[in-house]
Amino acid sequence: ATGPGTGVPGFPSSGRYHVMALKSPLTGSIGSANSGGEWGPYLKFSGFDAVIIEGASDKPVYLAIVDGEAELRDASDLWGKNVFDTCRILRKKIGGQNTSVACIGPAGENLARMACIMNDEHRAAGRTGLGAVMGSKNLKAIVVSGNKRVQVAKPDELKEVSKRCLETMRKNSTTGEGLPTYGTAIVVNVMNTAGGLPYKNWQTGVNPDGDKISGETLADTYLTGRRACWGCTIGCGRVTSVKSGPYQILNSEGPEYESIWALGGSTAVKDLDAIIKADYYCDEFGLDPISLGSTIAAAMELNEKGYIPEEDLQGLDLRFGNAAAMVEAVWRTAYKAGFGKYLALGSRKLCEMYGHPELSMSVKGLEMPAYDPRAVKGIGLNYATANRGGCHVTGYTVSVEIFGLPEKVDPLTTEGKAKWAKTFQDFTCVVNSTVNCLFVTFALGVKDFADLLSAVTGWELTEDDLLTIGERIYNLERVILNKYGFNGKDDILPKRLLEEPMPEGPAKGHVVELEKMKKEYYELRGWVNGVPTPEKLKELKIEL
């Protein structure tokens, strides 16, 4: 689906789309992912706001949506091809200026549980395994093309609001300087300094080789350019090239912060060229690097502690810091080859299979991203209560705890974190449903979005209106989650973060005091044991 902001010129960073599935094959809860690039706006230009796919085809197909017409077409010749080939073949076949392809690679076809939906070759609707959902339907791709333009209710008003917002973003140190210059990888050194960069499957929050894989080092070594999504002035996407060596790849995009951490920091791999190659493979085959890297890291710890029989590994030397094994594991996962068939299950099922579920650094089955909550307490509460599982973009409290936006709060205290988590979660729901890039929220606030949406839709929306909309979305998701059997028992963090004190760095000695924050959070939410009360649902006009 697109949103009211998607494809609207002047609506900051509005080149995104959102994908939802009734269930994630990785978690069993809501399937949810978001991607940038050009596909979202071009879907709108093709004449549609959203696409709903029901059932499954008995043979491989792709969906062509061109100038207001939609048709399922045979994709037998595309099945088995990688993401890059699929995108190029279909763009050439459809033609046109505003043409974009969203597809799956071998990982989605083989039903790897962390498979992505890829678009524009290097952009990913990455989380919760939605590529496997497409694979289960025999749907190889959706190609969109068209020349329609989005109409807005108040174009003159939008022009003025847009001018103000873009100027605010330009002057902001993060959206105007940090992200354009170094991309998201600038966060590697920031989090390492804060003692919250997970290392060796979250055994600590300090990576002794962190600077070797940082955004600054990337810029000095392999970076060749940057790439922006449609309508974006930030341009955080990285273009990279490894000119020689065993991990040579002459043209790639990324890696970003999360993939550098997951494929590098979590696995203790310090070879940036190997991380770039592994990230390239993730794009080529269609895999979520966060879940994949975290699963590889879990396997490394399982192996080093002697929990995996040697015959299961089939010669794969999974040890922390082994760059070659990490890269090898990527394609093995996509094709379910050898030990890859176990990695393709995700870390929770992998660790359960070998009798040590506590080594899966996941929440509700979704692997957590690159922020150790022992050093950033608020993000721990968000991980635990996030509806789709271990997710930072549900409620990015790191913004206030580390970056000081919109204000600075102490990352090592629990005080006030329940309110911040709820506020960020509700606001994020609004931004996601616009459909808009969350990075703009480093500079823009609720009032900015109220003004933008009022101009686009013609509705007179206030800040309170928007936060109520966000709260309704979050509670409605939670109602669905409850119907799947999830409740307060699942709003939990891995045992390591609750019981093993951070061994070093600024957060040394800290654990996450989750229950204390969760009690206050539930009270603010109007929930009991992770379930919205009838009174709260009535207040939000949610009818069951």
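Just so it is clear, the values below take in all heavy atoms, side chains as well, and ignore hydrogens, waters and symmetry mates.
Taking 4.0 Å as the cut-off between side-chain N and carboxylate O, Glu520 and Lys417 do not count as a salt-bridged pair. Ion pairing of Glu253 with Arg226 is absent here, as no side-chain N (NZ or NE/NH1/NH2) approaches a carboxylate O to less than 4.0 Å. The pair Asp491-Arg478 counts as a salt bridge, with a side-chain nitrogen and a carboxylate oxygen less than 4.0 angstrom apart. Salt bridge status for Lys148 with Asp67: absent, with no side-chain N to carboxylate O gap under 4.0 Å. The pair Lys140-Glu109 counts as a salt bridge, with a side-chain nitrogen and a carboxylate oxygen less than 4.0 angstrom apart. By the 4.0 Å N-to-carboxylate-O rule, Arg388 lies too far from Glu477 to be salt-bridged with it. A salt bridge is absent between Asp490 and Lys364: the closest approach of a Lys/Arg side-chain nitrogen to an acidic carboxylate oxygen does not fall below 4.0 angstrom. With respect to Asp426 and Arg525, a salt bridge is recorded, a charged nitrogen being found less than 4.0 Å from a carboxylate O. A salt bridge links Arg164 with Asp448: the distance from a Lys NZ or Arg NE/NH1/NH2 to an Asp or Glu carboxylate oxygen falls below 4.0 Å. With respect to the salt-bridge test (charged N to carboxylate O, under 4.0 angstrom), the residues Lys536 and Glu523 do not qualify.
Between Ile469 and Cys429, the closest side-chain pair of non-hydrogen atoms is not below 4.5 Å. Considering only heavy atoms from C-beta on, Leu179 comes within 4.5 Å of Ile234 through its side chain. Side-chain contact between Tyr396 and Phe403 is present, with at least one heavy-atom pair separated by less than 4.5 Å. The side-chain heavy atoms of Met20 and His18, taken from C-beta on, include a pair separated by under 4.5 Å.
With hydrogens and angles left out, the side-chain atoms of Trp459 and Asp465 include no donor and acceptor closer than 3.5 Å. Defined by atom type and a distance below 3.5 Å, a donor-acceptor pair is present between the side-chain atoms of Arg16 and Asn34. Side chains of Glu367 and Ser291: a donor on one and an acceptor on the other come within 3.5 Å.
Taking a 6.0 Å sphere around NZ of Lys419, one finds it holds 12 or fewer heavy atoms contributed by other residues, nucleotides or ligands. Applying the 6.0 Å contact sphere to NZ of Lys81 captures no more than 12 heavy atoms from other residues, nucleotides or ligands. Atom CG of Asn529 sits in a crowded spot, with more than 12 heavy atoms from other residues, nucleotides or ligands closer than 6.0 Å. Counting non-hydrogen atoms of neighbouring residues, nucleotides and ligands closer than 6.0 angstrom, the NZ atom of Lys159 reaches no more than 12 such neighbours.
You'll find the ring centres of Phe427 and Phe449 inside the 6.0 Å limit. Taking the six-membered ring for Trp and the full ring otherwise, the centers of Tyr383 and His392 sit at least 6.0 Å from each other. Note: Trp261 and Tyr257 fail the aromatic proximity criterion, with ring centroids not under 6.0 Å apart. Ring centroid separation for the pair Tyr42 and Tyr17 does not come in under the 6.0 Å cut-off.
Results of the side chain to side chain contact (heavy atoms under 4.5 Å, CB included) test with Thr394 over Asn382, Ile379, Asn432 single out Asn382 as the only residue that passes.
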